[in-house]
Amino acid sequence: MTYTAWIILTACLVGITCGLIGVFLILRKTAMMADAISHTVLLGIVIAFLITREVSGPAMLIGGIAAGLLTAFLVQSLHALNVQQDAAIGIVFTTLFAIGVILISTSVGNVHLDVQHALMGEITFIPWNTVTLPVLGTIPQATLMLMIVLLIVLIFLTAFYKEWKITTFDPSLAASLGIPVMLMHYVFMSLVSITTVASFDAVGAIMVVAMLITPAASSYLWTDRLIVMLILSPLFGVLAAILGYMIAAWLDTSISGSMAFATGIIFLISFLFAPKHGLLFRKMYRTE
Amino acid sequence: MWSILLSSNMQWVLVSTMVLGVAAGAVGCLSYFRRQNLMSDSLAHAALPGVVLAFLVIGEKNMLVLIIGAAISALIGAFFIQLISTSSRISEDSSMGMILSIFYGFGIMLLTIANRSAGGNKSGLDNFIFGQAAAMVKTDVITMNILALVIIFALFIAFKEWKLYLFDPDFAQGIGLSSRGMNIFYTVLLVATIVVGIQAVGVILIAALMIIPAVSARYWAHSFSGMIILSALFGGLSGALGTFVSALGSGWPTGPFIVIAAAVVFIVSLLFGKEKGLLIRYIQFKKTQQHVQKRHLLVPATQEGDAE
């Protein structure tokens, strides 16, 4: 495959994975947790790097999951101690992120890790860092990681589809049915973490939030059905990825930044023109 | 180590991050009581495109112009968050997350263009992401101090109005205080604090300076005025301490160290604070436990077999 094709494929994989996870983030009203985890995952990656001394996929995934779970756990504990939920999020993620940045900029600064890189992503470098596999041939490491993560996310979502649905829409019913709501929460936070880690190389810590939240929020305006949302949201993600790539190529600028911007365009269109929940339709409906 | 403190530029920078910390801590209290702690986070990210656009328009790093650009872009962000969360079924935190990341992405797009046209990273705009207090020059410091003092003054002069607006909005409206006007005043104050701070602390971490001191103050103070004063104090302390430590190394970003300083203050408050700190709670728990045990010892002795 050509260089450009690899980049677009990777970006599309980010769009699909984030789009799927984002649906539940929106519906569970935990969008800002995604923002928090996307920041703290940096600390996990740095620590994984400090321990193994190499930038390897599995170590980064484990570090990322650990950091994500730590974030979810700390936020939950602070909330249990009467700290407002959003204040707890604000305290935990800024502190863990600050530790990560300090570790990078003071001790590991001369090595492979770079804050700028982590925050903005370097999708243009992805095709050069390849691995060779028996069946698939030579493919970029980041793309492979995204494929694996997408597979994990798909397995978890389909295997426990009914459980996700109930815990999302009616947690107390779920609890009374004996579904472990808290465990599901932490499993979900782990899924958010691995999605973030896998997308890190491509879009960086903050733009991944755009890919997670915006396509899902846009699809939420188009439909009332979960299954339709789960189809629309990855579709919007892919659309944003391709549109973003085109904008970036046209203006010769950051691809990840343009992808985030493209999600914004898709949301704006949905916000204005979506049937039933769009602004225009609601205006018309009101005047009639 | 102490020689850093003696350089006059450093003294100025320390003073300005301290004043900034005071302003951020005090304004953060308002967000705390409005339960909009993460608003500052998304508005700070939303300020980035404004900074870069202002730079691209005037072609140089003029602190005041960049601040105005940042303020306009953050206010547009605030407007969008308000619009999306009130006129669609997207919740407020989702719209904050969206605005945060989309504006930031747009900012990075512009930043890439700016860096290219200014020849590498010479524009120095990258400092706005993590903050670089040491990169501030005298005029920046003066601008920042004046603006921060104006913010503190604005908070102080309308103290009674703030109190009413936050704790009894119905009564406030009853005596003719426009809640719409106060909302705008609040947003402007929030945005002003953020944009004044981004040069020193950076867009990503400025929110911490507004959230953490307020929550820490909660563990020591009971009244609104006490909380604002303490929060301002904690903010100032974190600002100065973080700046000082970051100056010890060359090229160390200021923002993260300020956040760590604030986090340390928070942990100490959480453990030892006199209002529901963990230690106090534990002691009270033990006391109650002993008390209950004592009483229970007496029950079987006096009323054996009694159902009561």
Side-chain angles (χ1 to χ4, degrees), chain A residues 25-26 29-32 34-35 39 78 81-84 86-91 94-95 97-102 105-106 109 115-116 119-120 204 206-214 216-217 220-221 244 247-248 251-254 256-261 263-264 267 271 277-279 282, chain B residues 32 35-42 45 83-84 87-91 93-113 116 126 129-130 204-205 207-212 214-215 218 249 251-253 255-260 262-263 266 270 276 278 281:
Chain A
L25 277 171
I26 294 286
K29 305 214 186 318
T30 44
M32 285 314 266
D35 179 42
H39 283 81
L78 280 183
L81 291 168
N82 286 331
V83 178
Q84 292 171 15
D86 65 333
I89 293 176
I91 294 171
T94 51
T95 308
F97 184 69
I99 297 174
V101 174
I102 289 175
S105 55
T106 55
V115 185
Q116 216 79 339
L119 285 180
M120 303 183 192
I206 296 168
M207 264 73 85
V208 72
V209 181
M211 296 304 281
L212 278 168
I213 304 177
T214 322
Y220 191 39
L221 294 173
I247 296 174
L251 292 173
D252 187 16
T253 181
S254 152
S256 54
S258 311
M259 276 164 65
F261 185 67
T263 63
F267 180 78
F271 181 66
H277 296 292
L279 202 62
R282 279 164 46 142
Chain B
Y32 179 84
R35 293 181 169 264
Q36 281 191 327
N37 294 295
L38 288 173
M39 192 60 134
S40 50
D41 185 40
S42 40
H45 284 74
L83 179 74
I84 294 171
S87 66
S88 80
R89 59 171 177 162
I90 310 282
S91 63
D93 74 322
S94 301
S95 46
M96 286 198 306
M98 278 198 298
I99 294 302
L100 174 161
S101 50
I102 294 168
F103 272 59
Y104 187 84
F106 185 50
I108 294 294
M109 267 172 80
L110 294 172
L111 189 63
T112 314
I113 294 171
R116 195 178 55 221
D126 291 350
I129 293 179
F130 286 116
I204 299 183
L205 292 169
L209 198 54
M210 308 186 70
I211 299 171
I212 305 182
V215 183
R218 195 81 186 95
W252 288 5
F257 286 97
I258 292 183
V259 175
I260 297 298
F266 169 71
L270 178 67
K276 294 190 172 168
L278 287 184
R281 271 210 229 174

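Given the structure is predicted, the values throughout are model-derived calculations rather than measurements.
- Most heavy-atom pairs under 4.5 Å with chain B: of the set A:I91, A:T95, A:V209, A:D35, this distinction falls to A:I91.
- Neither the backbone nor the side chain of B:I99 comes within less than 4.5 Å of any heavy atom in chain A.
- Proximity to chain A (any heavy atom under 4.5 Å) is shown, for B:D93, by both the backbone and the side chain.
- Of the atoms belonging to B:S91, it is side-chain heavy atoms, and not backbone ones, that fall under 4.5 Å from chain A.
- For the pair A:L221/B:S88, a side-chain contact is recorded, criterion being any heavy-atom separation below 4.5 Å from C-beta on.
- Note: A:L81 leads A:V208, A:T263, A:L81 in heavy-atom pairs under 4.5 Å with chain B.
- Contacts between B:I258 and chain A at a heavy-atom distance below 4.5 Å are absent for every atom of the residue.
- Looking at every heavy atom in both residues, A:A260 comes nearest to A:M207 through CB-CG, 3.4 Å.
- Residue B:R218 does not touch chain A at all, counting heavy-atom pairs closer than 4.5 Å.
- Chain A forms the most heavy-atom pairs under 4.5 Å with one residue out of B:A208, B:S42, B:S87, and that residue is B:S87.
- Within the model, atoms CG of B:L270 and CG of B:L278 stand 4.5 Å from one another, a figure rounded to the nearest 0.5 Å.
- Counting heavy-atom pairs closer than 4.5 Å to chain A, the top-ranked of the candidates B:A263, B:G255, B:G105, B:G107 is B:G105.
- Using bins of under 30°, 30° to 60° and over 60° for the plane-to-plane angle, the ring pair A:F261/B:F106 lands in the parallel bin.
- Heavy atoms closer than 4.5 Å to chain A are found in the side chain of B:I211, but not in its backbone.
- For the options A:L212, A:D86, A:I99, heavy-atom pairs under 4.5 Å to chain B are most numerous at A:D86.
- For a residue to count as touching a neighbouring chain, one of its non-hydrogen atoms must lie under 4.5 Å from one of that chain's; by this rule B:F257 touches chain A with backbone and side chain alike.
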